Amino acid sequence: MKEKRTLMLPGPTPLPQKARIAGANPMIGHREKEFDLLMEEVVEGLKYVFQTENDLLVLTCSGTGGLEASLSNTLSRGDKVLSLCTGAFGARYASIAQNYGLQVERLDFPWGEAVDVDKVKEKLEEDDEIKAILMTHNETSTGVVNNPKPIGELAKEYNTLLLIDAVSSLGGIELKTDQWGADVVVTSSQKALMTPPGLALVSVSPKALKAGESSDLPKFYWDFKRAKDRYDNKSQTPSTPAISVMYSLREVLKEIKEEGLENVFKRHKIVAKAIRRSMEAIGLELLVKDEIASKTVTAVRLPEEVSYQKLNKRLKERYNVYITGSKGELQGKVFRIGHLGNVSRSDILSTISAIELTLKDLGFDLELGSGLKAAQKVFYEEERR
Ligand SMILES: Cc1ncc(COP(=O)(O)O)c(C=O)c1O
């Protein structure tokens, strides 16, 4: 039964078979030649997905560790940062900064909307002490995608660092790290990279490394300099890494390269469109408008007559379909469907079908098959393009 679960979460995501098998490889020592080769292949594969020539660090922790490291390695006590918040994860990044003793200027946007670039410019214009901009590329709590490109231009114009939380986007939604001027980009293994949880993957620009030279915030385990030096000299990590996750990641990165990033992004766009059109056809309201909609996660407003708990429980028990709710002000108001990484069109179709049946069972008036038909139309038309 468990093998058959349809995991439609915004992470952890389903593992491709190759990743699962690779994860069961015999253990090796992390000071052996075999490990060095594994590490080099992982780093090269990641550089392709990050679209970067910057240093690429492999940290053993979840995404949050990478976010902490992005701050502790580039900033100093009392530095001012501009934190762009479009939901729970933007707020989380701001909290981490606060905990490190940084002065946090929060720029909040309504949940379900994207960053307003003009407001960011205004802020940078009136305050020349801002050392770094913190942004969430894909706000997982709402399903909004923020565009890093214009923010990168502003970071350049106002000479600040740009630190990006790309935990739920990298490998699913385009992020041109170098072209768009992102100084630190953080993602984690368990989302669009389709591997088990356990790694944060972080790109670091020369500008961020330079800023790090004068940084006085505490760091040791996730010290960028230690990680970079060890890799540059030995192709290794300073401490024992999650070797099994790296085995899986190496396989996934090969597959991504084979498919081609453009095709990977296109695949995500199509499934996101299928989910969105199907939810509307069922008669549900989407939280976010098309122009800023995430390609990896979709938030759907719950109809009044259906509680999230009941929907979630029944989907799991009857259909083995796993979705999730949201946080903060959206708690109990929306459900979210993750559609990133190793999610197939048939997973999408069976999820839609299960949602229709469950909603109908729970008293929401809908025409069975309406959502399915809308998604089929998206897939059908896509084949004919
Ligand atoms: C945008 C974003 N940032 C940060 C995190 C936290 O990542 P982790 O749970 O890997 O620490 C998540 C997790 O869902 C996320 O979606």
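Please read all numbers here as calculations on a predicted model, not as lab measurements. Just so you know, ligand 1 is whichever comes first in the structure, and atom 1 is the first atom listed for that ligand.
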Flag, side chain of Ser248 to backbone of Ala19, donor-acceptor distance under 3.5 Å: yes
Asp232 with Lys228: basic N within carboxylate O range, under 4.0 Å: yes
Close approach, Ser188 and ligand 1, non-hydrogen under 4.0 angstrom: yes
Heavy-atom gap Gln190 to ligand 1 smaller than 4.0 Å: yes
Reported CE-to-OH distance for the pair Met39 and Tyr231, which is rounded to 0.5 angstrom: 6.0 Å
Sidechain N-carboxylate O distance under 4.0 Å for Glu258, Lys254: no
Sole residue of Leu102, Leu67, Val104, Asp165 in side chain to side chain contact (heavy atoms under 4.5 Å, CB included) with Ile96: Leu67
Distance-only side-chain donor-acceptor flag, Glu125 / Tyr158, under 3.5 Å: yes
Element-labelled atoms of ligand 1 that are located less than 4.0 Å from some non-hydrogen atom of Ser168: 1 (C), 16 (O)
Within-cut-off N or O pair, Thr136 and ligand 1, under 3.5 Å: no
Contact atoms of ligand 1, heavy-atom distance to Ser62 under 4.0 Å: 8 (P), 10 (O), 11 (O)
Option passing salt bridge (Lys or Arg N to Asp or Glu O under 4.0 Å) with Glu285 (candidates Lys333, Arg301, Arg276): Arg301
Asn138 side chain to Ser168 side chain, donor-acceptor N/O pair below 3.5 angstrom: yes
N or O pair under 3.5 Å between Gly63 and ligand 1: yes
Residue part near ligand 1, for Val167, under 4.0 Å between non-hydrogen atoms: side chain
Closest to atom 4 (C) of ligand 1 (judged by heavy-atom distance), picking from Ile164, Thr296, Asp165, Thr187: Asp165
For atom 6 (C) of ligand 1, the protein heavy atom that lies nearest, with its residue and separation: Thr64 OG1, 3.5 Å
Identity and separation of the nearest protein heavy atom to atom 12 (C) of ligand 1: Phe89 CE2, 3.3 Å
Geometric N/O contact Lys191 with ligand 1, under 3.5 angstrom: yes
Sub-4.0 Å atoms of ligand 1 with respect to non-hydrogen atoms of Asn138: 1 (C)
Side chains of Asn320 and Thr6, donor plus acceptor under 3.5 Å: no
Protein residue, atom and distance nearest to atom 1 (C) of ligand 1, heavy-atom basis: Thr140 OG1, 3.1 Å
